[in-house]
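For ligands, and for the atoms within them, numbers begin at 1 and follow the listed sequence. Both backbone and side-chain heavy atoms feed into the values below; hydrogens, waters and symmetry mates do not.
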Amino acid sequence: MVIDGHNDLVLHRWRGEESRHLDLDAAAAAGFAGGFFALYVPSAASFKEPEAGPYALPMPDSVSHEDAARIAEELYAALCELPVSQALSADDFREGAITAIVHMEGAEPIAPDLSNLRAWYERGLRSIGPVWSRANAFAEGVPFRFPDSPDTGPGLTEAGRALVRACNELGILVDLSHLNEQGFWDVADISTAPLVATHSNAHALCPSTRNLTDRQLDAIRDSGGIVGVNFAVSFLREDGGLRPDETGIDEIVRHVVYLADHMGVDHVGYGSDFDGATIPAELGGVAGLPRLGEALTAAGLDDDALAKITHGNWLRVLRATWH
Ligand code: ZN
């Protein structure tokens with residue numbers, strides 16, 4: 001059974017596009033039991049993955065709360081049309097069924113005074129990334145740069161601090177992926193829950209601003225948290241290049257093994273970014289997950305470690321975060 005830290009299937013459905021990676025029939029056959037389904041409101045200018053490093057993309061345009069709130073309704077409606085059930089408890093995940101954690105990637109749909117946060121919680125929202133890689137009322141995201149440090153700008157605003165506290169109180173997971181380093185440390189200071197980066201990799205192996213430094217990994221481990229390994233080619237490869245045909249499953253294995261060596265096997269999971277990024281051609285999509293499991297076994301991870309990485313660690317962190 002696989003529980004996964006990030007997919008953008010809802011965005012594809014909202015745009016009326018076919019899924020690139022997450023065919024739900026193939027998913028069930030591959031042991032995919034669901035995970036975080038993002039409600040992501042795109043910036044006006046369409047985002048294009050950089051082709052090769054070095055690069056330094058400008059900060060994407062902001063989205064107003066009003067526009068985001070309207071589009072988030074449409075995204076939520078698209079999610080509700082999927083043949084999946086919503087996760088309200090870690091016990092909701094079942095082998096052979098697909099269960100979706102309603103995740104907001106970028107908190108623009110939440111009013112800066114948090115007046116609609118509880119209503120979203122009551123409709124099933126259980127995870128929020130305060131920012132995508134752009135600035136909003138809560139924080140400044142990390143722009144896409146390679147090679148560079150994730151320490152790119154200021155951290156949480158007052159509204160951002162209040163959001164983290166409110167999420168802790170309600171039992172909403174706070175996702176650190178797409179925050180810059182100062183934002184990360186601000187959440188680490190405030191949050192009473194395990195620290196979670198749903199879809200990020202090791203900066204030591206791929207020095208993208210989207211990846212996590214060893215110090216950040218230490219803090220995640222010390223909090224009992226987790227990193228979901230992102231399958232995006234640009235966040236895996238040492239050269240940051242968008243070369244899916246030349247990037248094998250072994251690149252995902254390289255990050256899993258590094259993170260497990262650095263933090264311990266209890267703090268690593270998957271964060272595929274299916275339908276949100278370009279992934280290794282050799283993996284292809286959700287149907288490739290069993291082959292990734294085989295590659296991890298071949299790399300020396302035993303059955304117990306594999307069970308933790310594929311689902312057990314996510315379940316532990318969800319139980320500790322939701323209440
Ligand atoms: Zn993302």
Side-chain angles (χ1 to χ4, degrees), residues 3-15 17 19-22 34-43 45-50 55 57 59-63 68 71-72 75 79 100-110 125-136 138-146 150 152 173-181 183-184 187 195-203 206 208-212 216 220 226-237 240 242 252 255 269-280 285-286 314:
I3 296 175
D4 175 59
H6 190 89
N7 78 70
D8 281 300
L9 177 61
V10 171
L11 182 68
H12 281 257
R13 289 296 167 100
W14 175 71
R15 285 176 167 158
E17 297 168 355
S19 167
R20 277 191 293 163
H21 304 137
L22 194 51
F36 295 72
F37 281 60
L39 305 180
Y40 162 67
V41 177
S43 288
S46 70
F47 175 72
K48 221 174 145 285
E49 290 171 279
Y55 57 81
L57 302 192
M59 186 75 81
D61 294 336
S62 296
V63 176
I71 292 168
L75 292 165
L79 171 60
I101 299 167
V102 182
H103 167 70
M104 201 175 264
E105 184 176 36
E108 286 91 346
I110 302 297
L125 183 71
R126 288 295 180 275
S127 174
I128 295 182
V131 284
W132 184 65
S133 286
R134 64 190 170 210
N136 64 22
F138 303 104
E140 187 179 292
V142 71
F144 298 91
R145 295 181 191 158
F146 182 98
T152 58
L173 183 148
V174 177
D175 179 19
L176 297 158
S177 289
H178 289 282
L179 275 166
N180 61 24
E181 190 171 355
F184 176 101
V187 174
L195 299 177
V196 175
T198 57
H199 58 307
S200 293
N201 291 337
H203 194 271
C206 169
S208 160
T209 50
R210 273 282 285 105
N211 288 339
L212 299 158
Q216 291 177 299
I220 289 170
I226 186 169
V227 176
V229 171
N230 192 321
F231 302 169
V233 167
S234 308
F235 305 147
L236 290 168
R237 293 176 62 89
L242 191 64
I252 302 172
H255 281 266
Y270 293 164
S272 68
D273 220 342
F274 283 148
D275 283 339
T278 300
I279 67 171
V286 71
W314 275 122

Any idea how His103 and His6 line up, ring-wise: parallel (<30°), tilted (30 to 60°), or perpendicular (>60°)? perpendicular

Are Asp61 and Ser43 close enough that a side-chain donor and a side-chain acceptor fall under 3.5 Å? no

Work out how many protein N, O or S atoms lie closer to the Zn ion (ligand 1) than 2.8 Å. 3

For Trp314, check ring pair (Phe, Tyr, Trp, His ring centres under 6.0 Å) against everything at least two apart and list the hits. Phe36

List in chain and number order the residues that pass ring pair (Phe, Tyr, Trp, His ring centres under 6.0 Å) with Phe184, two or more places apart in sequence or in another chain; answer none if no residue qualifies. none

Candidate list Thr198, Thr278, Asn7, Asn230, test side chain to side chain donor-acceptor pair (under 3.5 Å), partner Asp273, passing option: Asn230

Can you name the ring pair (Phe, Tyr, Trp, His ring centres under 6.0 Å) partners of His203, sequence neighbours left out? none

